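First the proteins, then the strands, lettered A, B, ... as listed; each starts at 1. Given the structure is predicted, the values throughout are model-derived calculations rather than measurements.
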There are 2 protein chains.
Amino acid sequence: MASIKDVAAEAGVSVATVSRVLNDHPSVSAEARTRVLAAVDVLGYRRNAVARSLRTDQTHTFGLVISDVLNPYFTELARSVEEEARALGYSVIFGNADERPELQDHHIRNLLDRRIDGLLVSPTDGGSPLMLDAARAGTPMVFVDRWIPGVDVPVVQADGRAAVRDLVAHLYGLGHRRLAIIAGPAATTTGRERVEAFRAAIAEYGLTLPDDYIGQGDFQAESGRRATERFLDLPEPPEVVFAADNLMALGALDAIRARGMRVPEDIALAAFDDIPWFVHTDPPITAVAQPTGELGRAAVRALVARIEGRTPKSVTLPARLVVRRSCGEPSPEPSPEASTEASTESSTESSTEPSPAPRPSPAQRSKP
Amino acid sequence: MASIKDVAAEAGVSVATVSRVLNDHPSVSAEARTRVLAAVDVLGYRRNAVARSLRTDQTHTFGLVISDVLNPYFTELARSVEEEARALGYSVIFGNADERPELQDHHIRNLLDRRIDGLLVSPTDGGSPLMLDAARAGTPMVFVDRWIPGVDVPVVQADGRAAVRDLVAHLYGLGHRRLAIIAGPAATTTGRERVEAFRAAIAEYGLTLPDDYIGQGDFQAESGRRATERFLDLPEPPEVVFAADNLMALGALDAIRARGMRVPEDIALAAFDDIPWFVHTDPPITAVAQPTGELGRAAVRALVARIEGRTPKSVTLPARLVVRRSCGEPSPEPSPEASTEASTESSTESSTEPSPAPRPSPAQRSKP
DNA sequence: CCTCCTCGTGTAATCGATTCCACGAGGAGG
DNA sequence: CCTCCTCGTGGAATCGATTACACGAGGAGG
């Protein structure tokens, strides 16, 4: 493969001049420029990014380490991250941690060795020494979706509290009182926060969240199934199961079906994370939708800011409730809405208006 | 960040010795080795992959350019590719072409500039000059899923013909005679092959595939919706719609719902590509399942073989039919089976036995 | 005791770019 | 006409590794 030297020879100039042309440095004569460009064309020269990176100490690349590619939420996140990165002149190397800390470390190590300019991470756990060291050593880093407390790294995340409150209002309005949740791993912030948001919202209605109604999951479908089976084995099973992510909701649906029960007639189901498929499940699933695309874009902007030496702030965007049929009561959404939902990029993501859910005044109820 | 020079100084040896230790070259004394290792530890040294790649002219990385990350089929493919690559000591850089040739070119250019060791491509189109040049110039390349005729590049793909024949048998057995297909882009092999397989299978039953019953799609949900609407507007609409990929099936489902029609009572639906969500849609969708994981692994093995100088052969693995309820007749699969289906890695992928579908002897029927 | 090999090590070239510095030509200003 | 600046250019150092080659020490064999 032709190098800059070959181009220089072909054009009859020095390598310095070729390099200047390639980086359009101002002080190059028009004549030299055209000669170089011609030579580049003739030889089919392509700049060697490896050599360039070695010299300039920047790769114009960053790493994105996510917890599970098979989770459509992360897939969409990855997609929006790549898009925004491309728009800003960066490439992205993905690492799939598969919810396994050691795999996460493998990818971080690998990315660090490749001298990526920055790291976007959705941590699987509480933070390995490797990751913490990298952060402290000054590797530009931004957490997205999940984060690790006690580290000085900007966080880009969705705040689901209002939407979860809307969800509980919706459930309460439908007459449900025994509400259960399948939590994510306690090592993750989203694993903990979602339970807390749920518990707080429930408390506003004077209800409680007994330990029996907290299933321990790991954000994978299988754990959702197991947790749901345990719920159903309870002497007094819950009326509603709220899964803290979409895959566990899928597992829950499986478990419910396996018992020959129906949603929502026998038990209601809701999920955190909305995905296009939820429109088409039987029944369509009520979910808390994160502004995934915007999250990814904001994370990239923050990371690029850090790479360029600025100090970005953390970003929190609101999630919103999307009511469908899985909690009872026919969905109020007209059929055209189903069409809109299915499209990849939901254009109605701005969400100033939190939700169409019926909302009794909770403050009054929680007092007595 | 510490370099090999710093390590050499710390250990009191030359950079050559450090390098030897790091690459465990035999001729290094035990004493020097321990000193170097200690220095590496003290300084927290990490080898600079950029510099190493420049010198050795290999990156231990390859690129995977796929057509659409949001398509669960490709997501799973990407996942299995990364896994196998990691097992063989390679990293993978993904490029999402979003079914757009110019984006595909962007990624190929980018990957080539980064001097990846090889390229795994599922081409969006008939092949850009850039890609063809790269192939001819000797860049190790392997096509996966889709391919381009006339280029000497190994192909790893699934053969869906038997499964499609099984599908048609299943449909015929259920009494359906007017069968329509939503095709993928004619520029892709899968876009063409699936139509041909369908047409051939239909012919065995003495049926034909009129032009009106061939919808033109682009493997995206929206196109599936449009094609289905056109089918439904026909004076004599088809009894079955077969979508050539899972996203178009989703779009078709949308379009059918929007008219207030039901699957399978009013119209049957089947898809190419099976995905976990198809178990949970309303109704569960009958699909042709590719051995996605095995495809990804085989592709990686072939590419690594090429990189290492061997000349791998193309690989074709059989797809198989998975019957569910979307074509009529209650699914014969007992409910435990639904559980198995939902798991990420279907362990029953070997598929010696093609399908449980009823299969009249088609040869006799096609003769008269 | 001399010669030859082997072994461990260091010096320096190299990969393909970027960029500092020096240099010569030519124009402007005195 | 001389001086000084600007502009375009080239030479060479540099980034952090790998590796060919040289070299000295020490052991084996004659």
Side-chain angles (χ1 to χ4, degrees), chain A residues 1-40 43-61 89 91 109-117, chain B residues 1-40 43-61 89 91 109-117:
Chain A
M1 189 155 256
S3 81
I4 200 175
K5 227 181 215 159
D6 304 317
V7 176
E10 172 79 20
V13 297
S14 73
V15 292
T17 300
V18 175
S19 177
R20 288 196 189 95
V21 171
L22 261 30
N23 296 292
D24 41 33
H25 188 89
S27 74
V28 181
S29 68
E31 203 241 332
R33 167 165 284 114
T34 54
R35 284 234 304 284
V36 168
L37 259 21
V40 163
L43 299 172
Y45 169 79
R46 311 241 70 229
R47 170 207 252 121
N48 185 330
V50 175
R52 172 173 236 247
S53 292
L54 176 60
R55 185 61 237 254
T56 60
D57 201 34
Q58 36 175 315
T59 50
H60 273 277
T61 302
S91 298
R109 221 186 320 270
N110 182 21
L111 292 164
L112 255 24
D113 283 3
R114 299 187 120 78
R115 299 300 192 267
I116 42 99
D117 294 341
Chain B
M1 189 155 256
S3 83
I4 200 174
K5 228 181 213 160
D6 304 317
V7 176
E10 172 80 19
V13 296
S14 73
V15 291
T17 301
V18 175
S19 178
R20 289 196 189 95
V21 171
L22 261 30
N23 296 293
D24 40 34
H25 188 90
S27 75
V28 181
S29 68
E31 201 241 331
R33 168 167 284 115
T34 54
R35 285 234 304 283
V36 167
L37 259 21
V40 164
L43 298 173
Y45 169 79
R46 309 241 73 228
R47 167 207 254 123
N48 186 330
V50 175
R52 172 173 236 247
S53 293
L54 175 61
R55 186 59 237 256
T56 61
D57 200 35
Q58 38 174 316
T59 50
H60 274 276
T61 301
S91 298
R109 219 186 321 269
N110 182 20
L111 292 164
L112 254 24
D113 284 3
R114 297 187 121 76
R115 298 301 192 266
I116 41 102
D117 294 341

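Across all their heavy atoms, R33(B) and V21(B) have their closest contact at CA-CG2, 4.0 Å. Closest approach of A8(B) to V18(B), counting heavy atoms only: CA-CG2, 3.6 Å.
The residue R47(B) sits close only to the backbone: its heavy atoms come under 4.0 Å of sugar-phosphate atoms, none of a base. Within 4.0 Å (heavy atoms only), D57(A) reaches no atom of the nucleic acid at all. Within the 4.0 angstrom heavy-atom criterion, only backbone atoms of the sugar-phosphate kind lie near A32(A); the bases stay farther away. Counting any heavy atom pair closer than 4.0 Å across all strands shown, T56(B) reaches sugar-phosphate atoms only and no base atom. Among the protein residues, S29(B) comes within range of the sugar-phosphate backbone only, with heavy atoms under 4.0 Å from sugar or phosphate atoms but none that close to a base. V13(A) comes within contact range of the sugar-phosphate backbone alone, with a heavy-atom separation under 4.0 Å but no base atom that close.
Side-chain N/O atoms of S53(A) include none lying less than 4.0 angstrom from OP1 or OP2 on dC15(D). Residue S19(A) places no side-chain N or O under 4.0 Å from the OP1 or OP2 atom of dA17(C). For the OP1/OP2 pair of dT18(D) and a distance below 4.0 Å, the side-chain nitrogens and oxygens of R52(B) include at least one atom meeting the criterion.
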task: Run the numbers on N23(A) and R47(A) for side-chain contact (heavy atoms from CB on, under 4.5 Å), then give the verdict.
output: CA-CA 11 Å; N23(A) 296 292; R47(A) 170 207 252 121; 3.0 Å; yes

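Looking at the side chain of I4(B), the nearest of the listed nucleotides dG10(C), dT19(C), dT18(D) is dT18(D). Of the candidates dT18(D), dC15(D), dG16(C), the closest approach to any side-chain atom of N48(A) belongs to dG16(C).
The main-chain N or O of V15(B) is never found under 3.5 Å from a side-chain atom of S19(B) such that the two would form a donor-acceptor pair.
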